Chemist: 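Sharing a structure with you now.
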Amino acid sequence: MAKAKVKPKAKAEGELSWKEIEIGCFITEPGNATEFRTGAWRSRKPVVDFSKCNKCTLCYYYCPDGCIAKTPEGYFVADLFYCKGCGICAEECPKDAITMVEEEK
Amino acid sequence: MMETMAVHGPGIITEEEPFTPGHRACSGCGEALSVRLAAKAIGNNAIIVNATGCMEVVASPFPHTSWRIPWIHTLFENTAAVASGAEAGLRALVKKGKRPEKNVKVVALAGDGGTSDIGLQALSGALERGHDLVYICLDNEAYMNTGIQRSSATPFGASTTTSPAGRESLGQVTWKKNLPAIAVAHDIPYVATACPSYHRDLMKKVAKALEVKGPAYIHVLSVCPVGWRCATEDTIKVGRLAVRTGVFPLYEVENGQYKLSLTLTKLEPVDSYLKLQGRFRHLTEDTIKIIQERVNREYAKLVEMASKSSPSG
């Protein structure tokens with residue numbers, strides 16, 4: 001029975017066998033770091049008060065992780081899968097619409 | 001395209017992220033922000049040549065990559081040489097008809113150590129040979145990746161692990177090497193300084209550098225909360241103060257003609273910039289006065305050069 005050739009998802013270095021590695025250790029999936037959850041590092045998370053937000057986009061530009069995306073209503077919220085909780089968006093928000101809240105278990 | 005975004009940077013902003021989230025940069029990293037904004041201006045039609053350093057380590061922990069565009073890792077010392085080779089190779093393939101003419105850009109990224117210390121001769125060679133590439137120096141003022149060792153781009157008075165402040169020492173005892181001036185001395189078409197706190201300015205300068213025929217050099221001050229010992233949320237504020245105090249003035253040099261990007265009628269005291277950072281915590285009033293005098297002198301020199309340059313240049 002022929003095995004379907006499935007492209008392996010990017011694995012952590014320890015889980016990866018040498019058979020799955022490309023010659024020369026090339027990475028063939030562009031931008032596959034998006035699978036990695038950097039949000040696990042966070043101790044505080046940004047909470048947006050939409051009544052204060054004037055959609056100025058500054059939080060979008062100043063996010064080092066590029067994790068802030070536009071909602072269908074035109075507001076900007078952080079994707080907590082990536083957000084590392086640095087607090088830049090809350091600090092730079094001209095309307096003080098973003099507050100950093102401690103993460104709870 | 002977002003209408004609201006058009007207000008903040010017409011023409012060059014895309015929602016696409018060629019430098020994707022999921023990279024392992026520290027929380028509040030100014031360098032990751034610089035790269036992200038620069039990547040937005042660079043777009044998809046480019047090859048990135050990345051020296052060893054923070055941005056190489058955080059963007060490519062095997063088997064992950066944060067880059068959606070072709071990317072090569074090089075050593076510290078040969079970033080500009082590899083970029084020159086990539087550019088010359090592309091040109092040769094187009095000439096032989098083996099590749100369609102698509103105007104692929106070559107962008108070299110390196111840290112301040114890879115640019116001002118280790119890679120300086122390769123950079124000088126690439127600028128002198130006139131390759132059509134953009135070299136972006138991400139300056140966080142020390143070797144942050146290996147644990148905050150001083151580089152020649154570390155400013156006077158900064159405490160690092162190899163220039164520690166103590167009873168007998170005030171930290172780094174030499175002044176920051178003026179890399180943009182060295183690039184200008186090569187008589188290249190475009191040199192600029194930028195800071196991600198002025199995001200529109202940074203993206204405009206990268207877009208402009210890509211259009212220039214010939215070598216272009218951009219020096220980007222990137223705040224490092226870990227190495228500078230400042231709060232992660234202050235990244236943007238510290239960068240803005242570096243510009244507003246005149247410690248890191250923003251300017252462009254097109255064909256030898258200086259032009260200030262931001263006209264500051266009055267410089268803020270350097271004290272406001274220094275006191276936000278733990279690496280300058282030990283400085284006494286006298287030392288701050290020495291730094292203030294130096295900053296004033298350097299800024300006055302820059303203003304004079306800008307006023308001498310013809311406005312059409």
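Chain identifiers are assigned alphabetically (A, B, ...) following the order of the sequence lines, protein sequences preceding nucleic acid strands; residue numbering begins at 1 within each chain. Computed from a prediction, not measured in an experiment: that's the story for all the values here. Side chains included, hydrogens not; waters and symmetry mates left out as well; all remaining heavy atoms used.
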Chemist: So, B/E141 and B/R279, do they make that salt bridge, N to O below 4.0 Å?
Modeler: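 Yes.
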Chemist: Based on non-hydrogen pairs under 4.5 Å, which of A/C67, A/P64, A/C25, A/G85 is most in contact with chain B?
Modeler: A/P64
Chemist: Determine the option with the most heavy-atom pairs under 4.5 angstrom with chain B, choosing from A/T38, A/I21, A/D79, A/I88.
Modeler: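 Option with the greatest count: A/I88.
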Chemist: Find the one option among B/T232, B/T65, B/I69 whose heavy-atom pairs under 4.5 Å with chain A are most numerous.
Modeler: B/T65
Chemist: Walk me through whether A/D49 and A/T99 qualify under side chain to side chain contact (heavy atoms under 4.5 Å, CB included).
Modeler: CA-CA 8 Å; A/D49 179 355; A/T99 40; over 6 Å; no
Chemist: Distance-only, no hydrogens or angles: does the B/S60 side chain make a donor-acceptor pair with backbone N or O of B/V57 under 3.5 Å?
Modeler: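 Checking the backbone N and O of B/V57 against the side chain of B/S60, no donor-acceptor pair under 3.5 Å is found.
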Chemist: Within residues 219-228 of chain B, which residues come under 4.5 Å of chain A, heavy atom to heavy atom?
Modeler: none
Chemist: Counting heavy-atom pairs under 4.5 Å to chain B, which of A/W41, A/F36, A/F81 comes out on top?
Modeler: A/F36
Chemist: As a quick check of understanding, evaluate side chain to side chain donor-acceptor pair (under 3.5 Å) for B/T193 and B/K205, giving each step before the final call.
Modeler: CA-CA 8 Å; B/T193 61; B/K205 279 171 177 166; 4.8 Å; no
Chemist: Would a distance-only check, ignoring hydrogens and angles, find a side-chain to backbone donor-acceptor pair under 3.5 Å from A/K84 to B/A25?
Modeler: yes
Chemist: Establish, from distance only, whether the side-chain atoms of B/R36 and B/H23 form a donor-acceptor pair under 3.5 Å.
Modeler: no
Chemist: Assign the ring pair B/Y143 / B/F76 to parallel, tilted or perpendicular, where the plane angle (0 to 90°) is split at 30° and 60°.
Modeler: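 It falls in the perpendicular class, over 60°.
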Chemist: Checking an interface table here. Which of residues 237-249 of chain B come within a heavy-atom distance under 4.5 Å of chain A?
Modeler: B/K237, B/R240
Chemist: Is there a donor-acceptor contact under 3.5 Å linking the side chains of B/E31 and B/N140?
Modeler: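 Their side chains do contain a donor-acceptor pair, which is all the 3.5 Å distance test asks for.
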Chemist: Side chain from CB out, backbone as N, CA, C, O: work out which of these in A/Y82 comes under 4.5 Å of a heavy atom of chain B, or both, or neither.
Modeler: side chain
Chemist: Does a side chain donor of either B/H73 or B/T52 reach within less than 3.5 Å of an acceptor in the other side chain?
Modeler: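 The criterion, which ignores hydrogens and geometry beyond distance, is satisfied for B/T52 and B/H73.
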Chemist: Heavy-atom distance under 4.5 Å between the side chains of B/P196 and B/I236, does that happen here?
Modeler: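 Answer no - side chains too far apart.
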Chemist: Would you call A/R42-A/E103 a salt bridge at under 4.0 Å N-O?
Modeler: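 Yes, A/R42 and A/E103 are salt-bridged.
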Chemist: Answer yes or no: is there a side-chain heavy-atom contact under 4.5 Å between B/K204 and B/K208?
Modeler: no
Chemist: For atom CD of B/E211, decide whether the heavy atoms of other residues, nucleotides or ligands shown that lie under 6.0 angstrom number more than 12.
Modeler: no
Chemist: Can you tell which of B/C29, B/A59, B/P61, B/C26 has the highest number of heavy-atom pairs within less than 4.5 Å of chain A?
Modeler: B/C29
Chemist: A/C83 versus chain B, heavy atoms under 4.5 Å apart: side chain, backbone, both or neither?
Modeler: neither
Chemist: Checking heavy atoms, do the side chain of B/L37, its backbone, both or neither come under 4.5 Å from chain A?
Modeler: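 Contact with chain A involves the side chain of B/L37 alone.
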